[in-house]
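Below, read A as the first sequence line, B as the second, and so on, with proteins coming before strands; counting in each chain starts at 1. Computed over heavy atoms, backbone and side chain alike; hydrogens, waters and symmetry mates excluded.
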Amino acid sequence: MKERYNPQQVEQKWQRYWQERDLFKTEEDPSRPKFYCLEMFPYPSGRIHMGHVRNYAIGDVIAHFMRMNGYSVLHPMGWDAFGLPAENAAIEHGVHPKKWTYDNIAYMKSQLKRMGFSYDWNREIATCHPEYYRWNQWFFIKLYERGLVYRKESFVNWCPSCSTVLANEQVIDGACWRCDSEVTQRQLPQWFFRITAYAEELLEALDELRGGWPEHVLAMQENWIGRSEGVELDFPVEGSEESIRIFTTRADTIFGATFVCLAPNHPLAEELAEDRDGLQKVTAHYGETEEKIGIFTGRYAINPLNNERIPIWVANFVLMEYGTGAIMSVPAHDQRDFEFAKRYNLPIKVVIVPESGTLPEPLQEAFEDYGVLVNSGAYTGLSSREAIERIGRWAEERGIGKRTVNYRLRDWGISRQRYWGTPIPIIYCDRCGTVPVPEKDLPVLLPENVRLTGTGFSPLATVEEFVKTTCPSCNGPARRETDTMDTFVDSSWYFLRYCTPRDGEVLKPEALRYWMPVDQYIGGVEHAVLHLLYSRFFTRALRDIGVVEVSEPFKRLLTQGMVCKETIRCPEHGWLFPEEVEGDRCKRCGREVSRGRTEKMSKSKKNVVDPEYLINRYGADTSRLFILFAAPPETDLLWSDQGIEGCHRFLHRLWNFVETHRDSLSIKVRELEVREGAAPLYRKVHQTIKKVTEDIRERYQFNTAVAAMMELFNEISNFSPVSDEDRAVLREAIKNLIVLLAPFCPHIAEELWQRIGEAPSVLEQPWPRWEEEWVREPEVELVIQVNGKLRGKETVPAGLPEEELKERALSNENVQRFISGKEIKKVIVVRGRLVNIVVN
RNA sequence: GCCGGAGUGGCGGAACUGGCAGACGCAAGGGACUUAAAAUCCCUCGGGGGUUCGCCUCCGUGCGGGUUCGAAUCCCGCCUCCGGCACCA
């Protein structure tokens with residue numbers, strides 16, 4: 001009796017089997033090559049979404065593939081478990097963040113298990129666990145001792161909705177990366193990681209990643225680090241001992257400087273500005289982009305190159321955080337200065353002209369290109385490039401400046417005024433000042449009895465027994481730091497923790513040496529600068545304190561595309577779920593809906609598909625297969641309800657085939673004999689092994705690998721065996737197909753493997769090998785062109801000499817029509833492929 | 001504005017170093033089975049023209065040029081879309 005494919009039953013059976021045998025447990029095995037396959041760990045928001053499914057399906061294929069190829073594979077999973085949503089849930093629903101988080105973890109873990117991913121769950125980590133975050137604290141202290149962590153009062157990005165500070169990387173278009181609220185500026189004392197100390201290294205090392213990382217991620221990081229070479233130069237302040245140091249990349253325009261601008265929070269601004277109210281007003285608009293405003297300080301500076309006396313201004317668009325916090329303003333050659341000069345009627349002086357010609361005066365806009373210097377004293381006539389070089393040298397010789405490099409990258413502010421995060425291990429003592437918590441007192445535990453209100457003040461400050469402590473150095477009364485760390489600290493090194501997840505005392509160097517770096521990292525592009533840059537920095541910082549030997553954490557990076565789906569919109573009721581629509585009309589109001597553009601699946605746009613629904617309806621194998629088949633991994637994937645049906649159909653057909661031919665498929669033969677009629681099928685088997693292997697190994701093209709398996713199955717279905725020898729070939733074909741399919745659809749592969757009489761587990765089978773002689777076709781179709789146009793085809797034995805191919809081509813009937821009576825100028829022969837006859 | 005990527009049937013996408021454009025899948029149309037439907041199976045499926053129904057032929061990979069015996073693929077110039085950066089001196 002033929003049994004019907006029941007995914008639920010099959011999947012549960014094999015998930016239980018894997019779990020009982022702990023099949024995916026990993027240990028360091030020096031006798032085998034290692035492979036560290038890592039997918040970005042999820043935030044435990046409650047349920048997994050299609051983005052997770054795609055990310056983890058890709059990772060699982062790679063992990064299985066490498067295992068079957070004899071590698072010792074580390075494939076772990078864990079939870080990025082600290083963060084705001086837990087705290088917000090607490091404020092809204094009164095449930096403790098810890099409970100909320102651990103409940104979510106338990107549920108999502110069960111979902112991941114139902115998807116059948118091959119994680120070594122023995123290595124599971126959660127960043128909110130004290131044995132995890134103690135290392136955040138330990139690293140913090142070590143880096144503090146090395147001067148890579150410091151505290152300073154500064155303007156910070158403040159999200160009023162999240163009631164906390166954001167790092168620069170977390171502000172997108174002036175809005176919070178998480179909730180989209182407009183970000184404002186606040187002045188607060190903050191802890192910083194000195195990522196800028198590694199700016200040059202982080203930039204230079206990008207070159208080593210080329211090839212293994214996608215080009216656009218490298219470009220984004222390069223942009224973000226934003227290196228620029230220039231000159232620092234002192235402009236003495238008239239009637240004062242002070243001078244203003246400016247930074248410029250365009251020293252060639254210095255003779256065109258008609259004023260100097262200070263950032264409002266520049267130390268000299270306060271001192272020089274006469275108009276207090278004016279200064280305050282500029283300060284209030286600091287960093288705003290809508291409008292350039294400024295005030296004249298009433299004082300003058302001297303241009304060191306021509307001794308010209310130019311006014312000193314304070315302007316809101318000059319940033320203290322970049323360069324020296326002061327600029328020389330050259331309105332003729334800088335658009336920002338041009339706009340500022342126009343507004344305040346400051347002189348505009350042309351000192352650069354294009355190599356050919358002049359500039360139309362008065363200028364309508366700044367001329368920012370390189371060119372030739374005019375009105376520039378001894379430098380007149382030089383090219384911009386030369387002038388920059390010479391002026392830089394001149395300043396260095398005179399000791400009034402130097403050539404320098406500036407970076408757009410800022411230090412990473414990690415203080416957060418929130419509860420659900422790692423406590424910063426610092427103690428403030430009136431007598432000893434700022435004292436780090438001694439190593440032996442770690443971890444500084446996050447207290448659980450806390451009232452969360454979301455008022456914007458650190459919740460920990462209200463927990464008296466937490467705040468009140470004694471100073472580790474003088475034993476006097478002292479207070480603890482009450483801010484917690486940015487959660488990106490947690491994820492900046494979690495890949496190291498997987499190597500020794502349970503060792504309470506140390507990150508074992510042997511384990512790190514064996515497993516690091518991550519050989520393949522997989523995740524979304526949204527972390528191109530944030531997480532990926534922080535991790536590269538952190539790994540280097542930890543290298544410098546002797547924790548790890550590698551500098552780059554991720555050798556290869558694959559950024560998977562988004563999962564998208566069509567959106568539906570009602571003019572009255574906004575976004576709609578498909579089930580809220582009937583015949584293009586909104587069920588509620590009857591108005592016609594518009595099928596909007598396809599966009600990334602999101603709850604707010606109601607275009608989501610719940611993975612759990614798919615598992616229940618089609619099973620994990622079908623879901624995984626479709627998501628791998630529908631698009632190459634880096635491309636955005638357009639969800640299609642019919643598409644998944646197609647993949648389900650394929651698995652059904654495969655199942656039915658095995659069930660129908662079960663008897664003949666379980667006959668084993670000692671030696672395979674491939675007769676005439678079975679040779680094409682047997683060749684297809686070897687061609688498919690080759691194609692699937694190379695698609696996975698070299699190109700990560702899972703869609704074409706799946707297509708190749710479908711092709712093989714089509715050929716299997718069309719094959720009619722006429723002998724036992726043929727049946728043995730058929731069995732061989734099915735057997736190989738099942739093994740090839742195993743990384744994609746492990747459950748059905750296990751089941752079919754067993755049903756053709758093989759012993760489990762198919763996942764422990766060696767990856768099949770192909771034989772080149774069976775990949776080659778004995779006959780090839782020769783394409784014959786005349787003047788590059790297809791004029792005929794001939795089936796010829798492979799490996800014919802050129803002469804013969806040429807002859808066959810020339811004698812082809814249809815070809816004759818096109819060449820008769822014409823002069824043959826040339827014949828190009830590509831062996832095994834084509835002949836092109838050139839006539840005039 | 002600067003940087004990165006992409007434009008191929010009705011749709012998702014194939015085509016490896018320049019060598020048969022459209023693999024595989026979806027949708028659509030036709031047929032078989034069935035009382036019927038679902039499921040399954042078979043056939044057709046870029047467009048135009050011709051046909052003795054074997055096939056022949058012209059056009060076709062965003063647009064315009066170029067290199068080449070031969071271009072989806074390489075080069076030059078545009079257009080469109082997506083992503084990143086952007087008052088960074």
- Message: I want to verify the glycosidic state of B:G18; is it syn or anti under the 90° rule?
- Response: anti
Can you tell me which nucleotide in [options] comes closest to the side chain of [X]?
| X | options | value |
| --- | --- | --- |
| A:N316 | B:C87, B:G13, B:G12 | B:C87 |
| A:N836 | B:A86, B:A89, B:C69 | B:C69 |
| A:N718 | B:C42, B:G25, B:C58 | B:C42 |
| A:V783 | B:G5, B:U57, B:C20 | B:C20 |

Sugar-phosphate, base or nothing in reach of [X], heavy atoms under 4.0 Å:
| X | result |
| --- | --- |
| A:V525 | nothing |
| A:P632 | sugar-phosphate |
| A:K825 | nothing |
| A:F626 | nothing |
| A:R791 | sugar-phosphate |
| A:T324 | nothing |
| A:N406 | nothing |
| A:Q785 | base |
| A:N656 | nothing |
| A:R408 | base |
| A:G646 | sugar-phosphate |

- Message: Whether A:R556 engages the ring of A:W213 as a cation-pi pair (distance to the six-membered ring centre under 6.0 angstrom, angle to the ring normal within 45°) should be assessed.
- Response: no
- Task: Determine yes or no for a side-chain-to-main-chain donor-acceptor pair under 3.5 angstrom, with A:H652 supplying the side chain and A:H648 the backbone.
- Result: no
- Taking A:R250 for its side chain and A:E368 for its backbone only, find out whether a donor-acceptor pair lies under 3.5 Å. yes
- Hey, is A:R210 close enough to A:E215 for a salt bridge, meaning N to O under 4.0 Å? yes
- Donor-acceptor pair under 3.5 Å, A:K793 side chain vs B:C20 base: yes
- Item | Separation of the P atoms in B:U67 and B:A86, to the nearest angstrom | 44 Å
- Taking side chain as C-beta onward, heavy atoms only, is A:F247 less than 4.5 Å from A:V231? no
